[in-house]
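Just below is one structure, and these are the notes that go with it.
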Number of protein chains: 2
Amino acid sequence: MAVSARRGAPLTLEEISTTALRLMDEGGVAGLSMRKLAAELDVNPMSLYHHVDNKEALLRVICSTAAQRLELPPDDGSPWQDQLRALAVAYHRNAMEHPALWSHLHDHPEIIQDRDLVLWRTLYRILRLAGVPEPELRRTSDVLHAFVMGFVIAETKGHLPDDPEEVERGFDTAIRLITRGVEGLTGLSPRPPTPPRTSQG
Amino acid sequence: MAVSARRGAPLTLEEISTTALRLMDEGGVAGLSMRKLAAELDVNPMSLYHHVDNKEALLRVICSTAAQRLELPPDDGSPWQDQLRALAVAYHRNAMEHPALWSHLHDHPEIIQDRDLVLWRTLYRILRLAGVPEPELRRTSDVLHAFVMGFVIAETKGHLPDDPEEVERGFDTAIRLITRGVEGLTGLSPRPPTPPRTSQG
DNA sequence: TCCATAGCCATACACCGTATGGCTGACGCT
DNA sequence: AGCGTCAGCCATACGGTGTATGGCTATGGA
């Protein structure tokens, strides 16, 4: 019904948010404007508003779908310390793929408030494993997420020395600090001694 | 020389940045515009540019003077755990007084890169006290700052439950986590047993 | 006295988000 | 076949933004 004069097919929210994300990746949050986005889609700026309430809503859509599609490692039965590290690594990797997106997300934590998100479910599971008591889960997970978020921001924005090895060491320090910290929180849940390898294969 | 027609005295950088900070406090970073600021000072917008290169530079001035004026507790000889907590509390209090300012600062960590800032000097001193080896000071302090920054952002932006006691508990959790984490990092520097109270009074 | 210049301002440009309202053409219904 | 509805799109316009350009004016030094 009255498809764009310049394009063949009608717009879709999917197409809009995909292109918007690309613009953000290229030029940061500031690099995304409704007008540029429309130009990129070969469409009049006002056409976008038939698929999205406003710019803020568009950003919300982009961020929350990114949060929903977060790829985190499953429970592999390993010690919680290892799983916590794996979670942090995965989160970090995801964030680094779309820094501007996560930057906006970190400025608007309410977008990932939903406790059913895979991020929180995973974090809760690991913290339970670590022995964090149930009533403290919410608080502890919030604090941990705040920490990781802070680290990601610092890495994204700051010029942490260009040396990627140094960044790696910083990340390692952060993880060790968090892990020890959680151990300290829960009284005593030190890492179990690595079991003697069953010689197989 | 050709003072403003509408005002008596000439503008000063001091006056500009003070008013700008007030606007930020009232309406966030978005609430500060060169035009509003000029209106507030009863001056033409372009007059500002004789005292400041551009908006970004103005923000940089505001943030870095705030960082330089950070009021942190002095070395009182108490255990490093207590001093670390006191540092965090002070930082947190400062940040909460001007959330928008610190929000911008956290988006531009390069502004407080200077290792001679009181923030870093204090943090280094405490970490040395905690036994962090010299070559790790930079890394560790960066990580710790990232953590605190993450917490401040979460508290500022997120709707951490309105209950201030709950926020307080969250802060406490964060500090304990960090402290235990640092203890874990440095091998062994547990808190010294509190000396038996000399019964006085 | 004259001039350089600090301080200020008027105008203008390019950009932004978006309110308003109108066009077009596909669809369901009679 | 005729008609109305409405999704999709677009043209125009408004009020906001940062700031480049260039001109005015009063003051200090020479």
Side-chain angles (χ1 to χ4, degrees), chain A residues 1-63 100-101 103-104 107-108 111, chain B residues 1-63 100-101 103-104 107-108 111:
Chain A
M1 330 185 169
V3 151
S4 164
R6 325 187 226 177
R7 301 161 29 97
L11 278 178
T12 65
L13 181 57
E14 178 74 19
E15 190 184 6
I16 289 177
S17 54
T18 301
T19 310
L21 178 53
R22 181 165 55 78
L23 285 184
M24 287 179 71
D25 286 345
E26 290 169 6
V29 190
L32 169 64
S33 85
M34 299 301 272
R35 295 170 120 104
K36 275 190 214 159
L37 176 55
E40 203 75 13
L41 292 166
D42 200 15
V43 140
N44 184 285
M46 291 314 290
S47 301
L48 300 174
Y49 288 85
H50 270 265
H51 303 263
V52 158
D53 268 6
N54 50 42
K55 187 181 182 180
E56 193 53 38
L58 172 56
L59 285 170
R60 203 162 46 237
V61 167
I62 300 175
C63 286
L101 185 159
S103 172
H104 181 82
D107 264 13
H108 298 265
I111 296 179
Chain B
M1 337 184 165
V3 150
S4 164
R6 325 188 227 178
R7 299 162 30 96
L11 278 178
T12 65
L13 182 56
E14 177 74 20
E15 189 183 7
I16 290 177
S17 54
T18 301
T19 309
L21 177 53
R22 181 165 54 78
L23 286 184
M24 286 179 72
D25 287 344
E26 291 170 6
V29 190
L32 169 64
S33 83
M34 299 302 271
R35 296 169 120 103
K36 277 189 213 158
L37 175 55
E40 204 74 15
L41 292 166
D42 200 14
V43 141
N44 184 284
M46 290 315 289
S47 302
L48 300 174
Y49 287 86
H50 271 263
H51 304 262
V52 158
D53 270 5
N54 51 43
K55 186 180 183 179
E56 192 54 37
L58 172 57
L59 286 170
R60 202 161 47 236
V61 168
I62 300 176
C63 287
L101 186 159
S103 171
H104 181 81
D107 263 13
H108 298 264
I111 297 179

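In this structure, B:Ser17 has no side-chain hydrogen bond (donor to acceptor under 3.5 Å, both in side chains) partners at least two apart in sequence or on a different chain. Considering only residues two or more places apart in sequence or on other chains, B:Ser33 meets the side-chain hydrogen bond (donor to acceptor under 3.5 Å, both in side chains) condition with none of them. Take A:Glu26 and apply the side-chain hydrogen bond (donor to acceptor under 3.5 Å, both in side chains) test, not counting sequence neighbours, and it matches A:Arg22.
Considering only heavy atoms from C-beta on, B:Asp107 stays 4.5 Å or farther from B:Val29 through its side chain.
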Tabulate below the donor-acceptor pairs under 3.5 Å that side-chain atoms of residues 51-58 of chain B make, not counting sequence neighbours, or state none.
unit_1  : atom_1 : unit_2  : atom_2 : d
B:Asn54 : OD1    : B:Glu56 : N      : 3.2
B:Asn54 : OD1    : B:Ala57 : N      : 2.9
B:Lys55 : NZ     : B:Leu32 : O      : 2.9

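Across all non-hydrogen atoms, the minimal contact from A:Ala100 to A:Gly28 is CB-CA, 3.8 Å.
To the nearest angstrom, P of C:dC16 lies 11 Å from CG of A:Leu37. Separating the CG atom of A:Leu41 from the P atom of D:dC9 is a distance of 10 Å, rounded to the nearest angstrom. We find that NZ of B:Lys36 is positioned 16 Å from P of D:dG15, with the value rounded to whole Å. With rounding to whole Å, B:Leu48 atom CG is found 10 Å from C:dC9 atom P. Rounded to whole angstrom, the span from the NE2 atom of B:His51 across to the P atom of D:dG18 amounts to 17 Å.
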May I have the step-by-step check of side-chain contact (heavy atoms from CB on, under 4.5 Å) for A:Leu11 and A:Leu48, ending in yes or no?
-> CA-CA 8 Å; A:Leu11 278 178; A:Leu48 300 174; 4.2 Å; yes
side-chain contact (heavy atoms from CB on, under 4.5 Å) between A:His108 and A:Cys63, worked out | CA-CA 9 Å; A:His108 298 265; A:Cys63 286; over 6 Å; no
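Contact annotation: A:Ser33 reaches the phosphate of C:dG17 (side-chain N/O to OP1 or OP2, under 4.0 Å).
Across its full length, the helix from C:dT1-D:dA30 to C:dT30-D:dA1 shows an angle of 10° between the axes of its 5 terminal pairs at either end, rounded to 10 degrees.
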Could you list the protein-to-nucleotides 19-22 of chain D atom pairs, N/O on both sides, closer than 3.5 Å?
unit_1 : atom_1 : unit_2  : atom_2 : d
D:dT19 : OP2    : B:Tyr49 : OH     : 2.8
D:dT19 : OP2    : B:Lys55 : N      : 3.1
D:dT19 : O4     : B:Arg35 : NH1    : 3.4

